[in-house]
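Notes follow the structure.
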Number of protein chains: 4
Amino acid sequence: MFHFLNDYSESAHPDIIAAMQDAHLQQHKGYGFDEYSERVREKIKSQLDNKDIAIHFGITGTQANLVCIDAMLSPIDGIVACDTGHIAVNEAGAIEATGHKVILAESKQGKLTIEALEKVKARHSFTPHVVRAKAVYISNTTELGTVYTYEELKALSDYCRSNDMYLFMDGARLGAAIAYTHSNPNERTLTFADFAELTDIFWFGGTKMGAMFGEILVIPNKDIATDFNIYLKRHGGLMAKGYLLGLQFEVLLKDDKYLELSLHANAMAKKLSEGLEKFGVELFVPTQSNQVFALLPPELITTLKTEFDFYEWEQLDNGSTICRLVTSWATPEHQVDRFIAMLEAHSSNN
Amino acid sequence: MFHFLNDYSESAHPDIIAAMQDAHLQQHKGYGFDEYSERVREKIKSQLDNKDIAIHFGITGTQANLVCIDAMLSPIDGIVACDTGHIAVNEAGAIEATGHKVILAESKQGKLTIEALEKVKARHSFTPHVVRAKAVYISNTTELGTVYTYEELKALSDYCRSNDMYLFMDGARLGAAIAYTHSNPNERTLTFADFAELTDIFWFGGTKMGAMFGEILVIPNKDIATDFNIYLKRHGGLMAKGYLLGLQFEVLLKDDKYLELSLHANAMAKKLSEGLEKFGVELFVPTQSNQVFALLPPELITTLKTEFDFYEWEQLDNGSTICRLVTSWATPEHQVDRFIAMLEAHSSNN
Amino acid sequence: MFHFLNDYSESAHPDIIAAMQDAHLQQHKGYGFDEYSERVREKIKSQLDNKDIAIHFGITGTQANLVCIDAMLSPIDGIVACDTGHIAVNEAGAIEATGHKVILAESKQGKLTIEALEKVKARHSFTPHVVRAKAVYISNTTELGTVYTYEELKALSDYCRSNDMYLFMDGARLGAAIAYTHSNPNERTLTFADFAELTDIFWFGGTKMGAMFGEILVIPNKDIATDFNIYLKRHGGLMAKGYLLGLQFEVLLKDDKYLELSLHANAMAKKLSEGLEKFGVELFVPTQSNQVFALLPPELITTLKTEFDFYEWEQLDNGSTICRLVTSWATPEHQVDRFIAMLEAHSSNN
Amino acid sequence: MFHFLNDYSESAHPDIIAAMQDAHLQQHKGYGFDEYSERVREKIKSQLDNKDIAIHFGITGTQANLVCIDAMLSPIDGIVACDTGHIAVNEAGAIEATGHKVILAESKQGKLTIEALEKVKARHSFTPHVVRAKAVYISNTTELGTVYTYEELKALSDYCRSNDMYLFMDGARLGAAIAYTHSNPNERTLTFADFAELTDIFWFGGTKMGAMFGEILVIPNKDIATDFNIYLKRHGGLMAKGYLLGLQFEVLLKDDKYLELSLHANAMAKKLSEGLEKFGVELFVPTQSNQVFALLPPELITTLKTEFDFYEWEQLDNGSTICRLVTSWATPEHQVDRFIAMLEAHSSNN
């Protein structure tokens, strides 16, 4: 049995295990003041136009989101997210636990649009009876695996700046988003410098990209950056052994290792998608990164599940189910081939 | 330069690194539903009288504390801690961030006493103008490295039960506390079963005991245990790769590895203490675990700091400084010997 | 210029002013322990089947809502409200400030339906990634002035009880809701005893019903009632001069004064509605209480606003605007007549 | 039976009742946008050097404190209060409910000193493990009825400004404090202009000074003032009938009515104190305002309590009890005379 349930089933890339092995008996400084973390900060900054930017590390994605939002908002502020956004439903109230409303906006293929933002703004002008719509949350890739283009990000950024709002980007799968732009010649390639220019704060996840855990938090906006590590501490997000975060990201950033791993994950998803479509399966959204959303009929699900596991996302009225298949840096190509072979066999039997 | 600054400078015991190496390309279930975590739960339960107890995992000590307290208290409740307690000062407001007051009580060598609790109870009876003093926080070992005896724990537990209060034990260094009772024949040996009998919730820290990170949270009180993992998620304390926690604790619990490591740490601290006293240095509190609090004169500090680093805790009016020296599972005995040799050399020069 | 903007423009009914005059130099006990408050509690209880019910007082509606929700939910719980619900938008994040998510459900003429609740329940079963949908919020009358029938309330109550959820009713305009059932022979008359039987907690507002301010909070569910006054205090909702609340409600409850005042308010709204319909204006929802929602064309708005003010709720694509007209215990009938006369004049000119 | 339990037993001064009578059937704007409130704002501003200052209204003292603190602090900030301060114990965790730690400092006769602040600052420099000590809370008069002199306030203000901290003054009994400086020739008379110059935010209470309820919140610091009314709304502190606040304060500010009432209250307390001392009773602190703290032996307490009630504050080891006697604008002088007569009779019998 092999599964395409998620992209966090395997612990870490061998290079990371090896680096941990090398370093495990040395004495390091705690709480992020170590040399690995410092080198990672310098490495990121070397790729940015503005070098004077705060960079911190988080442990889990939920925590990165709640800490960033806690640092960004005043008590009277809410944050806009699209109705499919991760913070809208699946963070177990983590944002509300910091006292903030998540203001829902309509989504389009998992993305937030300017039109949806304008509706929110109109609704949130009835002071003092409403929270201020002070920040916008997006994730890239989105919950549906789609990727924001440079133009879309620029439009959101411009809207936020002209409306005195912050733009915050959750990058749990930012590696996959960057990889998408590298492998699609008609997209402008996205870089850390772009995100630092366009957002007020964003994070880059390691967990789904070869690391055991961890996120790099990049904070271009100085108002948000002040004493940020106290926000981390206050939420239990400051590791005593913070050097473990620096160490892992040093490996992932070396020669853009993360990009190589993300390109593999995306390629596996693309292959899966092409196989599905070849054998008559419709996709719910176009596959742009390492997540495939496919409309599978019940009997095909039954067949595939004898050998492969995956997540049944939502049942539709027509009897089909939107299923999610996720690939990762660790997905062996032969498992994808085997999956497609099953599709083919099923197709010829029906 | 070697330092005795803390017990989290080295990442992990070689056995843990090896176990991570072995498992790194397998597919595991996420969010604590994996087999390692399940086996650790069973192992702990096998040592308890009551088997029907919830067991979860945390990532950092601050987070373990804030999640446990959030799960334990109603909004109108506060938690009592002694004035030297970790949650009283050094958690950056993490407890208050969950909406709860930390009610200060006087301490004696880092410990909370029944007498101090009674004063708090008296002050907190002025309903509805005060929070309810609903829970008691202790850490074992304490912030000063002292260890609660069974009798002391029993007295606190009895007091709490007869006053409708919860007893919560922070075990960031619980391994060192258990080890102390093993190496002191006149103390009753403390076990997980004791803690499960006497407290309503306690945790057992891995970070300072050979693991990279992580805590085991044991919740004997069913009222606190309900849907506990949502509390973890809500505070960003649920790792996608939760199997990393199970995996590490399986190593530490195997053949009581953690105890072996803690006994070493304590032995190194004892040796340091004996050396200090031999050469005329007074201790601030008796050394019971892996922390030494010594009153060092300025010139000795200057001498020692040419080769060793340690934390200057508090300057006294008589010119001396309370210094903290911390040992760990990874402290090489030859560094302790070298430290004592410097003490001896300094002593003969003065 | 007369306005139908809201039902809190006039301070208090003359009987309340008179009672305040009578009592103003006596010494009273503070914080709700006074004799007026005690008599009001007894009066309410005398109308209930279950006499063993906690009764408290609040100061503002937002506060009543946030205190009740804070007392009712665990940190990991959210509360369901329909998308037009007061706590969904217009409480400036007051609910989120207590750490709780307001879970949105679809509404029908301002009401929550079982069908909408079932959709929410399905979405909120993905533990531990989601908050528990633990309580249901309704307001009666609703934000659109509609009134829940006994059958509708019973269905919601049954649903909540079989799903381990609390039912909470905001009664900012509960007087108007009760009055509606009194003046409509085909409705079962609603009583405090009904609300105490069907909900876990509800409140009855004074502000919009003749009092200067204040709410009576009735808590049939004992789990929610424990130490409730500490919740009030913690949110600044316990008045030193709490006897001012008891005093006012004693007046309003005497000979069902509140009902007489609410019947007047509803009758004025009904007369307005009939006038509007008579002269060709369509209503957005049927008028059941003291709020009228009418679709007014721009030129009629301009005409009416020369003499009367009211709130423009939402502009529609067809050029009309949903306008809200609110009546109260203090609305003079001659102002309603004057308004209808303007409608008639406008109608004959067009 | 007459009592000296507190200064909020009588509802309101007759002038306020009369003003309420006059206005009760007029239509007013809601939520503080009315003409009374506006006139009060203008009146206060006319007495300040800087006219560009935000002025709002609160309903209860606890709420005024929690709203001001919520508006003033970032999530990572704490507020310093002396150990006898109202927010330190008797607000039922209202400050912690906003997520903030109350940092305790030593007090001297109820007052905060620079020396105590310096100790706090030293303890709170261990970033990122501690909250920032960002604001200082004082109340004037203090919990012990003592009054800050101009010089003391200036010193605190200077300390705060040179340490990037806010100074916040709780004025539940600010009228009594001002009155004290008016009746003591060797004190500089304190004015609203002084408080606006020296603090970042302060409030002036009506409840204990002739009003039914209410506070004026004055916010000289622009960083705190932004969208302050949303903070009020978010905590349920914005009254629909906000004009009731403006109306009451207009009466109290007219011809400094509040000062006349406060001078009476203070004079009654002074007379009580002089009577107590004349007949051999020691005071716990000098009586400066409307609260008397006296050390009463048990038999005298028994005697007095046959006719008068008062609060037994704290029992001392020597058998005496610190008792608190509070006077107000409504205290009849003949009751004070009667009390002193009892003291005299008791004295001659013993």
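Numbered from 1 within each chain, the chains take letters A, B, ... in sequence-line order.
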Check this for me: C:Lys305, atom NZ, are more than 12 non-hydrogen atoms of other residues, nucleotides or ligands nearer than 6.0 Å?
yes

Checking heavy-atom separations under 4.5 Å from chain C, one finds in residues 20-27 of chain D D:Met20, D:Gln21, D:His24, D:Leu25, D:Gln26, D:Gln27

Toward chain C, the part of D:Ala172 with a non-hydrogen atom under 4.5 Å:
neither

May I have the step-by-step check of side-chain contact (heavy atoms from CB on, under 4.5 Å) for C:Met239 and D:Met212, ending in yes or no?
CA-CA 10 Å; C:Met239 290 193 98; D:Met212 289 185 181; over 6 Å; no

Relative to chain D, which of C:Leu247, C:Leu66, C:Asn65, C:Ile17 shows the most heavy atom pairs under 4.5 Å?
C:Ile17

Greater than 12 external heavy atoms within 6.0 Å of D:Glu35's CD:
no

side-chain hydrogen bond (donor to acceptor under 3.5 Å, both in side chains) involving C:His264 - partner list, sequence neighbours excluded
none

In residues 93-101 of chain C, which residues are in contact with chain D at a heavy-atom separation under 4.5 Å?
C:Gly93, C:Ala94, C:Ala97

Enumerate by number any residue of residues 228-237 of chain C whose heavy atoms lie under 4.5 Å from heavy atoms of chain D; in the absence of such residues, state 'none'.
C:Ile230, C:Lys233, C:Arg234, C:His235, C:Gly236

For D:Thr60 and C:Leu238, work out which heavy atoms get closest and say how close.
CG2-O, 4.1 Å

Heavy-atom pairs under 4.5 Å with chain D, option from C:Thr62, C:Asn6, C:Ile59, C:Asp34 with the top count
C:Thr62

Of the backbone (N, CA, C, O) and the side chain (C-beta and beyond), which part of D:His13 lies under 4.5 Å from a heavy atom of chain C, both, or neither?
backbone

Verify whether the ring centers belonging to D:Tyr8 and C:Tyr243 lie closer than 6.0 Å.
no

Which residue out of C:Ala240, C:Ala64, C:Gly30, C:Ala330 racks up the most heavy-atom pairs below 4.5 Å with chain D?
C:Ala240

Short question: side chain of C:Lys241, backbone of D:Phe213 - any donor-acceptor pair under 3.5 Å?
no

Below 4.5 Å from any heavy atom of chain D, which atoms of C:Asn90 appear? Answer side chain, backbone, both or neither.
backbone

